[in-house]
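These notes are about the structure you will find just below.
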Amino acid sequence: MRSPRHPPAHWRAGWGGWHGPWPEEWADRPHGPRMSERGKLLFPVLVSLLLQVPPSLFWIVVMGRSPATVGTLLLATVGPLALLGARRFPGPTVLVVSILASLDFYFMPNVPSAPYVALAFAIVGALLHGARVWAWASVGAAWGVTLTFGLIYAQDWHPARVALTTLSILLIFGVGEAIRGRREMMADFRKTVVQRRQSEVQAERVRIARELHDVLAHSLSQINVQAGVGLHLMERQPEKAAEALANIKETSKTALDEVRSVLGVLRSGAHDPDAPLLPEPDLSRLPGLAASVTAQGVEVTLDSTVTDAPQAIALALYRIAQESLTNVVRHARASRATVSLRLDDGVYLLTIDDDGVGLDGRGPGDGRGMLGMRERAELLGGSLESGRSPLGGTRITARIPAKESE
């Protein structure tokens, strides 16, 4: 049988990759029966009274009233009532109850009596409410003073009672420390879960922002160029102007579909079948991308020996090519560009060259577009570089290892 701390791999996968001792969903669940704040305060008081007061009354009935029996009853009553301040003043409470328990040890030392249960509740309460030093110091000092006075005044205590009391105090501290440690562990676990969820949300926001940037930057760049062409040729070549308007219509429709896809995930969630999703771009759309850029006046040559790739890698390669060509149209003042894609020794190698002004002019630099492309490559274990192209302009080179998709 498997240990609960080492569940099967498919269980861990269901926890979203969390490998801690509890499922991540436990961070949002209440553990154990729920009790009101008043109930939590009164429970130790009532239990202590029920366990301490009846035996004291019994000895008053059996032995009669005496300073010893009345004192025992008084201490058995006051100790539990002192626990009423444990929530607000845990340190002083454990000190007071420790003194009362020490005094109770002197009354009727050779008569069997109930243990001073209030001290156990006071110790555990102090440990759980941040008064750890108070608990150890108060109980240690009270017990040490009790034993010292017992030796000085030659109290007739049975060694077994002293040993049993000492072991009981240590056991109570052990239980309290264990509960405190578990609570701290659960608090750290919840904090880790919250931080992990926040990181995932932030990563998703960055991903969506990157997708929107790539879609809108490319599409609006095409629309801007085609609109300029249409305005310029409207009177002299109306058929060319009509063609530009048709391109604008098609480009804007594609852009709107992709934007709806991203926004649909935001509105409905990634697993909602009703979300208006569009299949993510893959390598089969590279020829259409090259043709759309060529229609804007930059002749694009596509040389690709790769027809298929894992979805994440295909999307990254397409978006990098799209953003690079968008930069060529917007900034490079180029007349031609080449896109080369091949699988070289287990690495997808994408190269985009242009004959524009290059990095020394007003070509693409390290703006948001370059940052987004670099992030896409690095998220898949790859890299992205920019430099001088043999064509005279800028070269963008992206390398993404194929093994990262496994």
Side-chain angles (χ1 to χ4, degrees), residues 13 16-19 192 195-219 221 258-259 261-262 265-266 270 279-286 289 302-332 337-354 358-359 363-389 393-406:
W18 175 260
H19 296 279
T192 301
Q195 291 176 345
R196 183 167 178 262
R197 287 175 178 172
Q198 290 176 344
S199 299
E200 291 175 349
V201 169
Q202 182 61 28
E204 183 65 11
R205 287 175 177 172
V206 172
R207 186 190 71 81
I208 292 172
R210 188 164 52 239
E211 290 292 324
L212 288 176
H213 172 273
D214 291 349
V215 171
L216 295 178
H218 175 73
S219 302
S221 175
E258 294 196 32
V259 170
S261 175
V262 176
V265 174
L266 286 176
E280 292 182 325
D282 54 24
L283 300 181
S284 64
R285 293 177 59 177
L286 282 178
L289 174 64
L302 176 63
D303 179 17
S304 175
T305 60
V306 179
T307 58
D308 191 20
Q311 183 179 6
I313 294 179
L315 176 61
L317 293 172
Y318 177 86
R319 291 302 191 197
I320 291 173
Q322 183 185 54
E323 178 63 23
S324 298
L325 292 177
T326 299
N327 287 335
V328 170
V329 173
R330 296 175 62 188
H331 306 294
T338 62
V339 178
S340 173
L341 175 60
R342 66 179 185 273
L343 184 60
D344 185 9
D345 195 21
V347 176
Y348 290 96
L349 180 61
L350 174 66
T351 305
I352 300 96
D353 292 286
D354 67 76
L359 295 176
D366 288 330
R368 292 185 180 275
M370 288 292 293
L371 178 62
M373 290 190 292
R374 187 170 288 111
E375 287 178 348
R376 286 185 183 277
E378 291 176 352
L379 284 173
L380 295 172
S383 62
L384 186 134
E385 300 173 353
S386 60
R388 173 66 64 176
S389 169
T394 303
R395 164 170 284 188
I396 302 295
T397 305
R399 295 179 175 85
I400 299 179
K403 64 181 180 180
E404 291 296 325
S405 63
E406 298 177 358

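Numbers here are sequence positions counted from 1. Quick note: numbers below take in every heavy atom, side chains included, and nothing from hydrogens, waters or symmetry partners.
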>> Which residue in the set L286, T307, I352 passes side-chain contact (heavy atoms from CB on, under 4.5 Å) when paired with L341?
In response: L286

>> Show the nearest heavy-atom pair for residues D282 and Y318, with the distance to one decimal.
In response: O-CD1, 3.7 Å

> Can you name the closest pair of heavy atoms from R395 and R388 and give their distance?
Replying inline: CB-O, 4.0 Å

> Which residue, V347, L384, L349, I313, forms the side-chain contact (heavy atoms from CB on, under 4.5 Å) with I400?
Replying inline: I313

>> The test is salt bridge (charged side-chain N to carboxylate O under 4.0 Å, His left out); show your working for R399 and E385 and say whether it passes.
In response: CA-CA 9 Å; R399 295 179 175 85; E385 300 173 353; 3.7 Å; yes

> Between CZ of R319 and CG of L289, what distance do you get to the nearest 0.5 Å?
Replying inline: 10.0 Å

>> Can you tell me how far apart CZ (R342) and OG (S304) are? Round to the nearest 0.5 Å.
In response: 11.0 Å

> Got a second to check how far I320's CD1 is from M370's CE, nearest 0.5 Å?
Replying inline: 10.0 Å

>> I need the minimum non-hydrogen distance between L283 and A309, along with the two atoms involved.
In response: CD1-CB, 3.9 Å

>> Once rounded to the nearest 0.5 Å, what's the spacing between atom CG of L302 and atom CG of L325?
In response: 9.5 Å

> Between atom CD of Q322 and atom OG1 of T326, what is the distance when rounded to the nearest 0.5 Å?
Replying inline: 5.5 Å

>> Tell me the closest heavy-atom pair linking D353 and S389, and the distance in Å.
In response: OD1-OG, 2.8 Å

